[in-house]
Amino acid sequence: MASPKIAPYRILSIDGGGLRGIISLAILENLDAAVPGWRDRINMFAGTSTGGLIALGLAKGFTASQLLDTYMRQGPHVFERSLWHEIKDIGDVIGPKYDSDNRQKVVESILDPALQLGQLRRDEDERGHVVITAFDLDDLAQQDAAKRRWKAKIFHNLPTKDGSGDDRERASRVAMRTSAAPTYFASSDGFVDGGVFANNPGMCALAQTQDPRLSVSIPFETIKMLSIGTGFFPFHLEGEESWGLAQWAPHLVDLLMDGVNEVADFQVAQMLPDGNYLRLAPQLLANIAMDDARKVGALQAIGNNFPIDDPRPGKSAVAFVRGW
């Protein structure tokens, strides 16, 4: 293996959350204004679902402002329902809540359908790395049918010694796969949303840097990560509950998102050296659903009002990115 990197290896990680990705983009837009050029030093963009699309767009060279404009103008169309769709799926009973055509149009307005993950790399392959999570419903690469199973898939374009990365995968297809949220959208190419196992992709990004197949090793102590969430609502249940599917169903998405987000945050915080990790997780005053197109203005306001220059020690995003 080639000599290890000495310079810091910088990761921007962005959670899933549908239209709540507007919050993350508004925060990034404000950071861009406060610290111009800070994203030029990023080595890896990691994302899940909407965060995956944002990560791919940033890696391609879009600014946070450009992506935010796309989300504000086109995002609500992703979550539109026609009368025919209502009739066809009998009110969500036998099919996904939304058609995927509008989502694909938005994805392809950001990522050219011919663009491959390997083409995102730049600066002698040191930057433009991406890590995008998805869930493979059927491992067709497994020759033994008895051993085929669904499993997590982490798409990445980090250079490898054995060509084991995903350089030739189309970025737009990866974006469709990572954002195919079950019940909301149909699966895409046999994949569903990576949020089912890693809505916060921080730990996946961290693990990928330690893959022994990488062409150039990335020393753990050089890694710095900024992780941005899409907002959380402090939901809780009083006492014990004896619920069944009907009672749990409305809460499962929030339950899964909050649980995996906090676990990944805990793991990364414990593993990276002090001062090398910062998590920005805005708290919502009301529980805004990931598909609530009526709240795009409110979501932008939440991101704009998030304190990126928090005066508490170790909490300022402005100081963190200035120093990395």
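- Among residues two or more places apart in sequence or in another chain, the side-chain hydrogen bond (donor to acceptor under 3.5 Å, both in side chains) test is passed with Gln300 by none.
- In the displayed structure, Arg122 atom CZ is contacted under 6.0 Å by more than 12 heavy atoms of other residues, nucleotides or ligands.
- In summary, Arg121 and Asp167 engage in a salt bridge, as defined by a charged side-chain N under 4.0 Å from a carboxylate O.
- In summary, the side chains of Asp101 and Gln104 do not present any donor paired with an acceptor at a separation below 3.5 Å, with no hydrogens or angles considered.
- Screening residues 265-295 for ring-ring contact (aromatic ring centres under 6.0 Å, His included) gives no qualifying pairs among residues at least two apart or on separate chains.
- Residues meeting the side-chain hydrogen bond (donor to acceptor under 3.5 Å, both in side chains) test with Arg148, sequence neighbours left out: Asp138.
- How far CD1 of Ile302 is from CD1 of Ile23: 4.5 Å, rounded to the nearest 0.5 Å.
- Residue Arg294 qualifies as open at atom CZ: its count of foreign heavy atoms under 6.0 Å is 12 or below.
- Partners of Thr209 by side-chain hydrogen bond (donor to acceptor under 3.5 Å, both in side chains), not counting sequence neighbours: none found.
- Not counting sequence neighbours, Thr178 has no partner by the side-chain hydrogen bond (donor to acceptor under 3.5 Å, both in side chains) test.
- In the hydrophobic clustering of ILVMFWY residues, with side-chain heavy atoms under 4.5 Å counting as a link, Phe232 and Leu278 come out apart.
- A cation-pi geometry, defined here as NZ or CZ lying under 6.0 Å from the six-membered ring centre and within 45° of its normal, does not hold between Arg103 and Tyr98.
- In this structure, the side chains of Lys105 and Asn102 come closer than 4.5 Å at one or more pairs of heavy atoms.
- Ionic pairing of Arg279 and Asp15 is present here: one or more N-O contacts between side-chain nitrogen and carboxylate oxygen are shorter than 4.0 angstrom.
- A salt bridge (Lys or Arg N to Asp or Glu O under 4.0 Å) with Asp139 holds for exactly one of Lys151, Arg149, Lys147; it is Lys151.
- Ion pairing between a basic and an acidic side chain is recognised when a charged N comes within 4.0 Å of a carboxylate O; Asp189 and Arg170 show no such pairing.
- Within 6.0 Å of CG on Asp123 lie more than 12 heavy atoms contributed by other residues, nucleotides or ligands.
- A salt bridge is defined here as a Lys NZ or Arg NE, NH1 or NH2 lying under 4.0 Å from an Asp or Glu carboxylate O, and Glu169 with Arg177 meets this definition.
- A pairwise comparison of heavy atoms in Met176 and Ser100 identifies CE-O, 4.0 Å as the closest pair.
- Among residues two or more places apart in sequence or in another chain, the ring pair (Phe, Tyr, Trp, His ring centres under 6.0 Å) test is passed with Trp38 by Trp324.
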